[in-house]
Amino acid sequence: MATVVNARSLWESVLGDLQVRVNRPSYETWLKDTHGVRQGNGELVVGTPNSFVCSMLENRMYSMIAEAVERVFGEPLDIIFKIISHENAVDNIQAQKHTSSHSNKIVGKNESLDYNVSNGGVIQKYTFDNFVLGKPNELAYAASQAVATNPGNAYNPLFIYAKVGMGKTHLLHAIGNALISSGKNIHYTTTEEFTNEYIDAIRNGKTESFRNRYRHVDTLLLDDIQFLVGKEQTQEGFFHTFNTLHLSGRQLVISSDRPPKELTLLEDRIHSRLQGGLTVDIQPPDYETRLLILKEKASKTNFVFTEDILKFLSERIYKNIRELEGTLNRLMAYSQLLNEKISVDLAARVISDTSGKRFNAKATDQKILYTVSTYFNIDEAQIIGKKRDGQTARIRQICMYLMREEAELSYSHIGTVLGGRDHTTVAHAWKKIQHLLNEDDNLRRDLINISQDLQS
Ligand code: ADP
Ligand code: MG
């Protein structure tokens with residue numbers, strides 16, 4: 001469970017960390033007058049004195065701050081900047097203290113603290129409009145829209161699963177926002193928050209009022225249900241909530257990092273409930289989708305990104321969309337702090353700094369192909385082609401391995417470059433070479449030589 005600490009002292013430590021990393025004018029201008037407001041549920045709300053500072057921190061210094069938060073707090077938090085005067089924040093901290101055991105909860109309605117969270121915990125910035133559509137997410141998107149148009153009838157429950165950073169939370173909020181505008185009563189909660197509330201209710205003998213809390217909700221959006229795994233007590237509370245809502249025709253939308261059948265340690269009766277509706281997944285974004293997302297995000301900034309740079313990033317950041325966004329933000333921060341134009345070179349530095357890998361910006365797919373073909377004295381066409389004799393196949397595998405290691409290209413990209421091969425073939429080749437490197441001295445020497453050639 002995420003630790004809850006005093007937001008003010010957490011932020012003070014973060015400022016301490018940042019103070020030694022940014023130059024003094026930047027610190028004085030942007031950071032000095034900020035303060036921690038609230039921390040909980042994986043978020044840290046930071047108060048800023050005005051919109052100028054707010055947008056600077058959000059758009060240009062976000063990744064640097066996020067890294068400092070992670071260093072200090074020990075795990076990543078979503079940081080939300082809000083224009084809040086210091087007085088209000090202090091009042092609020094007092095109020096939080098007085099509500100004793102509720103210190104980790106979202107503070108009750110307070111104009112100055114309402115950080116674009118409208119009714120029922122729904123975040124306004126996540127909408128259908130700014131959700132970029134691609135093959136990997138079109139099904140989840142369509143199902144979400146169907147539910148938003150016809151809640152309680154279309155698919156109930158709607159179960160969305162995907163690995164982290166794929167857009168589950170975004171879709172849940174998008175459903176919420178659409179339904180709020182048609183006047184529905186929505187409640188968004190993370191399963192972690194749900195669990196905390198339930199345990200509090202049990203502790204204080206208030207399970208009855210816990211159940212009543214959801215009675216007037218038209219649609220419940222429950223994020224990250226995998227958090228229920230192994231928590232028998234909370235499963236009980238969830239089961240009742242689920243039944244109450246479901247039986248009266250209310251909509252439930254549930255997200256998870258894995259499909260229902262892999263939620264082991266969930267009671268059978270919950271399993272069968274979850275499987276009673278529609279289950280959709282979101283697959284990792286393909287290259288086209290990644291590029292579209294980057295274009296969308298980049299267009300919302302004041303920075304100029306050439307197509308080259310966005311393509312460069314889309315080719316190399318492929319695991320999830322959060323990472324993609326994070327890299328874009330980091331690139332802007334670098335450009336700002338180093339006073340350097342955004343370029344492919346700068347992007348390469350950002351990626352290598354983050355991944356901790358020696359990253360060779362010059363090692364493009366074409367250069368690797370050329371270097372390998374020259375080194376082994378074999379035609380590029382033969383490497384790309386269909387020949388499957390042992391030697392050609394091995395050289396092809398080396399090529400794949402280097403494209404991954406030196407250029408950090410995705411398996412599917414490498415497959416496409418090397419004659420339209422499947423990404424699983426490339427993954428297999430990478431594993432094979434990685435394994436052989438432990439026992440084959442010649443192979444190791446070849447790879448070192450080629451890597452050196454690539455540097456030149
Ligand atoms: P998850 O809940 O699956 O871990 P999130 O919904 O938090 O992922 O998404 C991570 C980030 O990526 C968010 O900032 C979100 O807005 C963005 N994102 C994810 N999918 C898309 C998409 N299809 N279009 C635009 N932004 C997206
Ligand atoms: Mg999420």
Side-chain angles (χ1 to χ4, degrees), residues 2 40-44 58-59 62-63 65-66 75-81 115-117 121-145 147-148 158-178 188-195 220-229 253-259 262-263 279-301 305 310 313-314 317-332:
N41 301 317
E43 290 177 346
L44 172 64
E58 197 169 270
N59 296 323
Y62 187 90
S63 17
I65 294 172
E75 57 183 85
L77 291 174
D78 281 340
I79 304 158
I80 295 156
F81 296 103
Y115 60 101
N116 291 331
V117 169
V122 176
I123 298 177
Q124 285 171 354
K125 76 166 179 176
Y126 294 134
T127 62
F128 283 126
D129 279 349
N130 59 24
F131 188 84
V132 175
L133 259 182
K135 266 261 164 294
N137 60 30
E138 63 185 1
L139 190 61
Y141 179 86
S144 301
Q145 284 228 309
V147 161
L158 172 63
F159 188 98
I160 304 174
Y161 74 90
K163 297 217 179 74
V164 65
M166 300 290 174
K168 302 182 293 292
T169 298
H170 190 133
L171 277 180
L172 256 55
H173 286 289
I175 295 173
N177 280 310
Y188 167 91
T189 181
T190 62
T191 307
E192 188 179 356
E193 194 182 343
F194 181 91
T195 301
L220 177 64
L221 308 162
L222 187 65
D223 212 352
D224 291 320
I225 201 175
Q226 72 276 0
F227 198 79
L228 270 194
V229 165
V253 184
I254 293 164
S255 87
S256 163
D257 71 352
R258 61 202 92 160
E262 281 171 30
L263 288 165
T279 297
V280 289
D281 68 340
I282 307 175
Q283 288 298 317
D286 52 24
Y287 173 73
E288 308 303 328
T289 311
R290 296 199 297 273
L291 187 57
L292 275 177
I293 290 174
L294 275 185
K295 282 184 178 163
E296 146 84 19
K297 307 271 173 197
S299 73
K300 299 253 163 74
T301 72
F305 294 89
L310 298 182
L313 293 175
S314 312
I317 315 285
Y318 42 82
K319 288 210 192 84
N320 72 58
I321 297 165
R322 186 169 296 142
E323 197 182 332
L324 204 59
E325 253 189 319
T327 310
L328 195 74
N329 290 337
R330 207 166 294 124
L331 184 51
M332 292 185 282

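Counting starts at 1 for both ligands and their atoms, following the listed order. Please read these numbers as outputs of a predicted model, since none were measured by experiment. Note that the numbering runs from 1 along the sequence shown for the chain.
- For Gly165, a nitrogen or oxygen atom sits less than 3.5 Å from a nitrogen or oxygen atom of ligand 1, counting backbone and side chain alike.
- Closest to atom 2 (O) of ligand 1 by heavy atom, among Leu171, Thr169, Asp223, Thr289, is Thr169.
- In terms of protein heavy-atom proximity, atom 7 (O) of ligand 1 is closest to Arg322 NH2, 2.8 Å.
- Separation of the Phe194 and Phe227 ring centroids does not fall under the 6.0 Å cut-off.
- Residue Thr169: an N/O/S atom is found under 2.8 Å from the Mg ion (ligand 2).
- Checked by atom type and distance alone, the side chain of Asn130 pairs as donor or acceptor with a backbone atom of Lys125 at under 3.5 Å.
- Shortest contact from atom 25 (C) of ligand 1 to any protein heavy atom: Asn130 O, 3.4 Å.
- Considering backbone and side-chain atoms together, Val132 places an N or O closer than 3.5 Å to an N or O of ligand 1.
- For atom 18 (N) of ligand 1, the closest heavy atom belonging to the protein is Ile321 CG2, 3.3 Å.
- Close contacts of ligand 1 with Asn137, meaning ligand atoms under 4.0 Å from a residue heavy atom, involve 23 (N).
- Of all non-hydrogen atoms in Lys135 and Asp286, the two that sit nearest each other are CB-OD2, 3.9 Å.
- Regarding atom 15 (C) of ligand 1, its nearest protein heavy-atom neighbour is His170 ND1, 3.4 Å.
- The closest protein non-hydrogen atom to atom 26 (N) of ligand 1 is Lys297 NZ, 3.0 Å.
- Looking only at distances, no side-chain donor or acceptor of Arg322 sits under 3.5 Å from a matching main-chain atom of Val164.
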Residues Leu172, Ile160; criterion side-chain contact (heavy atoms from CB on, under 4.5 Å); working and verdict: CA-CA 9 Å; Leu172 256 55; Ile160 304 174; 4.1 Å; yes
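- Ligand-side atoms of ligand 1 in range of Val164: 4 (O), range being under 4.0 angstrom from any heavy atom.
- When every heavy atom of Thr191 is checked against every heavy atom of Asp224, the shortest pair comes out as OG1-O, 3.1 Å.
- Each of Thr190, Asn41, Thr169 was scored for a side-chain hydrogen bond (donor to acceptor under 3.5 Å, both in side chains) with Asp223, with one residue passing: Thr169.
- Ring orientation note: the planes of His173 and Tyr126 are tilted relative to one another, at an angle of 30° to 60°.
- Of the polar atoms of Gly167, at least one N or O is found under 3.5 Å from an N or O of ligand 1, judged by distance alone.
- Looking from atom 13 (C) of ligand 1 to the surrounding protein, the closest heavy atom is Glu325 OE1, 3.3 Å.
- In this structure, Asn320 contributes its side chain and Glu323 its backbone to a donor-acceptor pair below 3.5 Å.
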